[in-house]
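Note that ligands are numbered from 1 as they come in the structure, with each ligand's atoms numbered from 1 the same way. Atom set for the values below is all heavy atoms of this structure, side chains included, hydrogens, waters and symmetry mates excluded. Since the model is a prediction, treat every value here as computed from it, not as a measurement.
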Amino acid sequence: MLRYVIIGTGVAGMAAAETIRRQDTVSPITLVGDEPHGFYSRPGLAYLLTGEIMERQLFPVGKDHVAALKLRLVQNRVVEIRADAHQLEMKDGSTLTYDRLLIATGAGAVRANVPGRDLEGVVKFDSLDDLRHILKLVRRTRSAVVIGGGITSLELVEGLLKRGVKVHYFLRGDRYWENVLDETESHIIEHTLKDEGVQLHFRTELAEISGKSGRVTGVQTADGRALPCEMVAVAIGVRPRLELAQGAGLKTDRGILVDEHLQTSHPHIYAAGDAAQVFDPATGKSLLSSLWGPARDMGRVAGQNLAGGASAYRKEQPFNVTRLAGLTTTIIGPVGTGGADQDLLDITHGDSEAWSLLPERGLGSVIAAQAGFDVNHLRLLVGPQTLVGAVLMGDQTLSQPLHHLITRSVDISPSRERLLQATSLAPLIIDCWDCWRKNHADPIAI
Ligand SMILES: Cc1cc2nc3c(=O)[nH]c(=O)nc-3n(C[C@H](O)[C@H](O)[C@H](O)COP(=O)(O)OP(=O)(O)OC[C@H]3O[C@@H](n4cnc5c(N)ncnc54)[C@H](O)[C@@H]3O)c2cc1C
């Protein structure tokens with residue numbers, strides 16, 4: 001019998017606990033977390049902010065699930081890992097002994113490093129408590145400044161807008177999310193935001209947050225402009241939580257360094273999720289991730305290995321389905337300016353591709369399909385033999401075929417020239433997908 005302890009009750013920690021229990025039905029599994037609300041969907045917070053879902057819908061599992069798995073939940077903050085003694089110390093002074101430990105402490109929002117950042121009205125968007133705090137402040141907020149160039153900042157913009165707040169959106173560069181989207185894609189988002197009344201401020205940096213009686217009253221920009229507001233929402237990135245690992249003498253870089261089996265530099269300690277920086281044998285690099293799916297997958301692999309397995313975590317091609325300014329957007333593979341190499345050709349199509357082109361829907365498949373958008377946009381990155389990446393905005397008809405073709409590196413060379421010349425991509429993509437499915441696909445995997 002082994003004593004398993006997991007620090008962190010996020011998706012990585014929960015997935016690990018479930019996996020351990022499947023393999024070891026008797027040993028005690030303890031999850032220690034300082035999150036007062038336990039396990040919930042953090043991606044779902046954006047939908048709660050816009051008012052589209054109720055708070056209870058954030059919780060994918062109930063107490064009965066935890067009880068059925070015989071998990072022990074401890075709400076506390078771990079302040080120290082004593083690796084040699086196999087012991088944890090908690091904030092309240094209590095201790096916990098482990099035989100196998102998983103660190104799944106996630107990543108926390110980076111704070112703005114400017115004067116005034118502690119004023120009431122400066123908010124982040126990292127947890128359910130942050131969201132509750134925003135909803136409380138929103139009642140007396142007429143105008144807000146949102147800072148940051150990625151998905152979370154846009155979720156804040158849209159959520160605040162839905163709550164009736166006038167939004168100023170500060171972007172450092174010339175356009176929205178320029179390291180991932182191309183110019184057209186950025187402009188699609190920017191136009192939608194402008195139509196909705198968002199004031200976009202390009203090449204604008206926050207220099208100072210001003211306040212009165214401890215509360216935000218406005219901001220100063222680096223180029224000397226002043227803007228009144230009652231809220232400053234900051235989403236400028238996340239940083240893995242490393243303090244525990246560093247204190248325990250584990251090797252760290254930007255995250256907690258783990259090998260492909262998710263084992264840290266200490267043999268009985270593993271790390272998974274946003275906190276882990278995983279060695280990828282294919283590239284020889286150690287990579288961070290800050291997405292739900294990879295965190296869950298890492299949790300599963302770590303769980304297997306904590307219970308005595310020897311599974312390797314293989315980082316999948318990036319795959320993210322999100323909503324940008326109301327537009328469902330799927331991003332597959334390395335589509336950003338940093339990701340494309342010179343051999344890749346970029347094809348962009350702006351017209352709607354027909355949903356009816358999909359052959360024999362079925363085989364137990366779930367096809368993400370959405371129609372009726374004003375804007376439909378598809379960008380494909382075509383490598384010498386395979387499709388390397390894609391961005392789909394609006395109509396999602398091709399999202400599953402492209403996901404399969406890209407993540408399974410399907411050889412599209414017989415259709416490559418036709419793809420590069422095509423005025424309508426959908427029939428060709430569907431043909432390639434159909435052909436691959438007939439020859440190779442395992443229907444269950446689809
Ligand atoms: C608003 C928002 C929207 C998002 N949207 C998306 C999306 O659309 N798609 C997507 O793929 N991803 C999205 N993400 C990211 C995704 O939620 C994370 O990648 C994922 O939750 C990481 O899981 P994790 O288990 O590694 O860490 P976390 O979920 O961060 O869990 C770690 C837990 O450990 C706890 N902890 C940390 N230190 C200690 C300690 N010392 N003692 C005890 N407990 C500790 C933390 O409080 C936390 O509860 C979003 C995140 C946010 C905040």
*Assign the ring pair His404 / Trp436 to parallel, tilted or perpendicular, where the plane angle (0 to 90°) is split at 30° and 60°.*
tilted
*Minimum non-hydrogen distance to atom 40 (C) of ligand 1, winning option of Arg77, Arg42, Met14, Lys91*: Arg77
*Relative to ligand 1, is Asn76 under 4.0 angstrom through side chain, backbone, both or neither, heavy atoms considered?*
backbone
*Output the list of atoms in ligand 1 that are nearer than 4.0 Å to some heavy atom of Leu244, sorted by atom number.*
41 (N)
*Report the nearest protein non-hydrogen atom to atom 42 (N) of ligand 1: residue, atom name, distance rounded to 0.1 Å.*
Val78 N, 3.0 Å
*At a 4.0 Å threshold, what atoms of ligand 1 neighbour a non-hydrogen atom of Gly10?*
25 (O), 29 (O), 31 (O)
*Please write down residue, atom name and distance for the protein heavy atom closest to atom 49 (O) of ligand 1.*
Glu35 CB, 3.4 Å
*Where's the contact between Glu155 and ligand 1, heavy-atom distance under 4.0 Å: side chain, backbone, both or neither?*
side chain
*Which ligand 1 atoms are under 4.0 Å away from a heavy-atom of Trp292?*
10 (C), 11 (O), 12 (N), 16 (C), 17 (O), 19 (O), 21 (O)
*Enumerate the atoms of ligand 1 whose separation from the nearest heavy atom of Gly33 is less than 4.0 angstrom.*
43 (C), 44 (N)
*Go through the side-chain N and O atoms of Tyr169 and Ser153 and say whether any donor and acceptor fall under 3.5 Å apart.*
yes
_Atom indices of ligand 1, in the order listed, that fall short of 4.0 Å to a heavy atom of Leu291_ = 10 (C), 11 (O), 12 (N), 19 (O)
_Between CG on residue Leu206 and CD1 on residue Ile147, distance to nearest 0.5 Å_ = 4.0 Å
*At their closest point, which heavy atom of Ala107 faces which heavy atom of Asp126, and how far apart are they?*
O-OD2, 4.1 Å
*Would you tell me which option among Gly8, Ser127, Ala104 has the nearest heavy-atom contact to atom 32 (C) of ligand 1?*
Ala104
*Where's the contact between Ala295 and ligand 1, heavy-atom distance under 4.0 Å: side chain, backbone, both or neither?*
side chain
*May I ask you to check if ligand 1 and Thr9 share an N or O to N or O distance below 3.5 Å?*
no
*Out of Gly108, Gly106, Gly44, whose heavy atom sits nearest atom 27 (O) of ligand 1?*
Gly106
